[in-house]
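Single-structure report; data block below.
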Amino acid sequence: MTDANIKFVNGTYQNTDVIHNTISYIFHLNSKKPLPIRYYGLPNIGYPPDPQKLIEKYEQNYYMQNPKYIPPQQLWHMIITLPFTLDEAYGDYFYMADSIARIFSYEYPVCYSYHTENKTTGNEHSHFHFIISTVSYLSNHPALDENKMTDYLAKIKQAAENYNVNLTLKE
């Protein structure tokens, strides 16, 4: 069994450009070679997905929902970190990340990407970034708050175990 970490990036994620900034970051949209876009829960983006449309759909989803269901926090930024660098990103660990994204996709828009660099430490290791909207695309559906995320955490850990990965929550 592989031991891996799951971490929620700190922040209130309430500023007006948070959706643009986080999605641009995880897909390296401002670089010469953006990363492939993987997402669920948002229609009409096209194929291959247009990054700007992905951002617009996330923002529309957030601002077009019934006001009583809009939390101040716009998204969750979750990272699953492996203790090594993968030789091939699209093996079992990719399928694990995809199955985790699908868990959210039945209620909330979610996108994810694979990285190897750590800008904070300078070390290389494999990790997956997930951006999950706190607002469902389903009408009048509850926001993805801390209580609901705690419920999802159990499902995430179970999905990882299906790929022989033991996830530990890191604060």
Side-chain angles (χ1 to χ4, degrees), residues 4-66 69-82 85-139 141 143-144 148-149 152 156 159:
N5 295 324
I6 183 168
K7 176 183 175 183
F8 292 91
V9 178
N10 291 335
T12 60
Y13 294 108
Q14 296 178 6
N15 55 314
T16 57
D17 58 355
V18 68
I19 292 171
H20 178 271
N21 290 345
T22 55
I23 291 175
S24 293
Y25 170 74
I26 74 161
F27 293 117
H28 294 186
L29 297 182
N30 298 325
S31 72
K32 292 181 182 181
K33 191 173 180 185
L35 298 172
I37 294 176
R38 309 278 184 218
Y39 72 95
Y40 292 105
L42 293 168
N44 305 319
I45 294 175
Y47 189 83
D50 178 339
Q52 194 55 45
K53 279 189 178 178
L54 177 69
I55 292 167
E56 288 172 12
K57 291 292 185 180
Y58 256 80
E59 289 173 344
Q60 284 176 0
N61 181 70
Y62 182 79
Y63 291 109
M64 300 300 272
Q65 185 60 269
N66 182 331
Y69 294 99
I70 298 178
Q73 179 178 331
Q74 297 180 39
L75 56 87
W76 288 90
H77 183 176
M78 179 178 78
I79 302 173
I80 294 179
T81 304
L82 301 167
T85 301
L86 300 174
D87 293 331
E88 174 59 54
Y90 296 103
D92 283 344
Y93 296 106
F94 168 79
Y95 292 114
M96 175 195 71
D98 195 69
S99 70
I100 289 168
R102 287 175 185 259
I103 292 169
F104 292 98
S105 71
Y106 297 104
E107 297 177 290
Y108 303 95
V110 58
C111 60
Y112 69 100
S113 69
Y114 169 74
H115 289 201
T116 56
E117 79 291 344
N118 183 322
K119 292 183 180 181
T120 305
T121 65
N123 297 331
E124 288 208 357
H125 61 277
S126 292
H127 55 284
F128 294 91
H129 288 264
F130 297 81
I131 304 298
I132 308 124
S133 178
T134 57
V135 175
S136 178
Y137 56 81
L138 302 170
S139 295
H141 197 73
L144 183 56
K148 278 191 74 92
M149 185 54 85
Y152 271 106
I156 292 166

- Query: With a 4.5 Å heavy-atom cut-off, do Ile23 and Leu75 have their side chains touching?
  - Reply: no

Query - Trace of the side-chain contact (heavy atoms from CB on, under 4.5 Å) decision for Met78 with Ile156 - result: CA-CA 11 Å; Met78 179 178 78; Ile156 292 166; 3.8 Å; yes

For residues Val18 and Asn21, determine if any side-chain heavy atom of one lies less than 4.5 Å from a side-chain heavy atom of the other.
-> no

Flag side-chain contact, heavy atom, 4.5 Å: Lys53 against Leu42: no

Gln74 side-chain N/O to Asn15 backbone N/O, donor-acceptor pair under 3.5 Å:
yes

d(Thr85 OG1, His115 NE2) to nearest 0.5 Å is 13.5 Å

Item to complete: State, yes or no, whether a side-chain contact exists between His77 and Ile26 at a heavy-atom distance under 4.5 Å.
Response: yes

- Do Ile100 and Phe128 come within less than 4.5 Å of each other through their side chains, counting heavy atoms only? no

Q | Backbone of Ser136 reached by a side-chain donor or acceptor of Tyr62 within 3.5 Å | A | no

- Validation row: Gln52, Ile55 side chains within 4.5 angstrom (heavy atoms): yes

Tyr108/Asn61 under side-chain contact (heavy atoms from CB on, under 4.5 Å): CA gap, chis, key distance, verdict: CA-CA 10 Å; Tyr108 303 95; Asn61 181 70; over 6 Å; no

| said: For Gln73, is there any backbone N or O sitting under 3.5 Å from a side-chain donor or acceptor partner on Thr134? | reply: yes

CD (Glu59) and CG (Asp17) are apart, to the nearest 0.5 Å, by 9.0 Å

Is the side chain of Tyr39 donor-acceptor paired with the backbone N or O of Pro49 at a distance under 3.5 Å, no angle test?
no

Taken in chain and number order and not counting sequence neighbours, the residues that satisfy salt bridge (charged side-chain N to carboxylate O under 4.0 Å, His left out) with Glu107 are Lys148

Looking only at heavy atoms, the pair that brings Asn30 and Ser24 closest together is ND2-CB, 4.3 Å

One should read off an interatomic distance between Ile79 CD1 and Ile131 CD1, to the nearest 0.5 angstrom, of 8.5 Å

More than 12 heavy atoms of other residues, nucleotides or ligands under 6.0 Å from OH of Tyr63: yes or no? yes

*Do the rings of Tyr40 and Tyr112 sit parallel, tilted or perpendicular, given the 30° and 60° boundaries?*
parallel

#### Entry: Tyr114/Phe94 aromatic ring centres below 6.0 Å
no

- [ ] Check the pair Thr81, His125 against side-chain contact (heavy atoms from CB on, under 4.5 Å), reporting the backbone distance first and the verdict last.
- [x] CA-CA 7 Å; Thr81 304; His125 61 277; 3.0 Å; yes

- prompt: Counting N and O atoms only, with roles assigned by atom type, does the side chain of Ser105 sit under 3.5 Å from a partner on the main chain of Gly41, one being a donor and the other an acceptor?
  reply: no

Rounded to the nearest 0.5 Å, the NE2 atom of His127 sits from the OH atom of Tyr93 at a distance of 16.0 Å

Q. Is it the case that more than 12 heavy atoms not belonging to Asn10 sit under 6.0 Å from its CG atom?
A. no

For Leu144 and Trp76 the tightest heavy-atom approach is O-NE1, 2.7 Å

To the nearest 0.5 Å, atom SG of Cys111 lies from atom NZ of Lys57 at 15.0 Å

In this structure, CD1 of Ile19 is separated from OH of Tyr58 (nearest 0.5 Å) by 8.5 Å

Q | Worked check of side-chain contact (heavy atoms from CB on, under 4.5 Å) between Ile80 and Phe130 | A | CA-CA 8 Å; Ile80 294 179; Phe130 297 81; 3.9 Å; yes

### Query
Is there a side-chain contact between Met149 and Phe104 (heavy atoms, below 4.5 Å)?
yes

Here the pair of heavy atoms bringing Gln65 nearest to Leu138 is NE2-O, 3.2 Å

- Message: Can you confirm whether His28 sits close enough to Lys33 that some side-chain heavy atom of one is under 4.5 Å from a side-chain heavy atom of the other?
- Response: no

On a heavy-atom basis, the closest approach of Ala101 and Val110 is O-CG1, 3.3 Å

In terms of heavy-atom contacts, Pro109 and Val135 come closest through CD-O, 3.5 Å

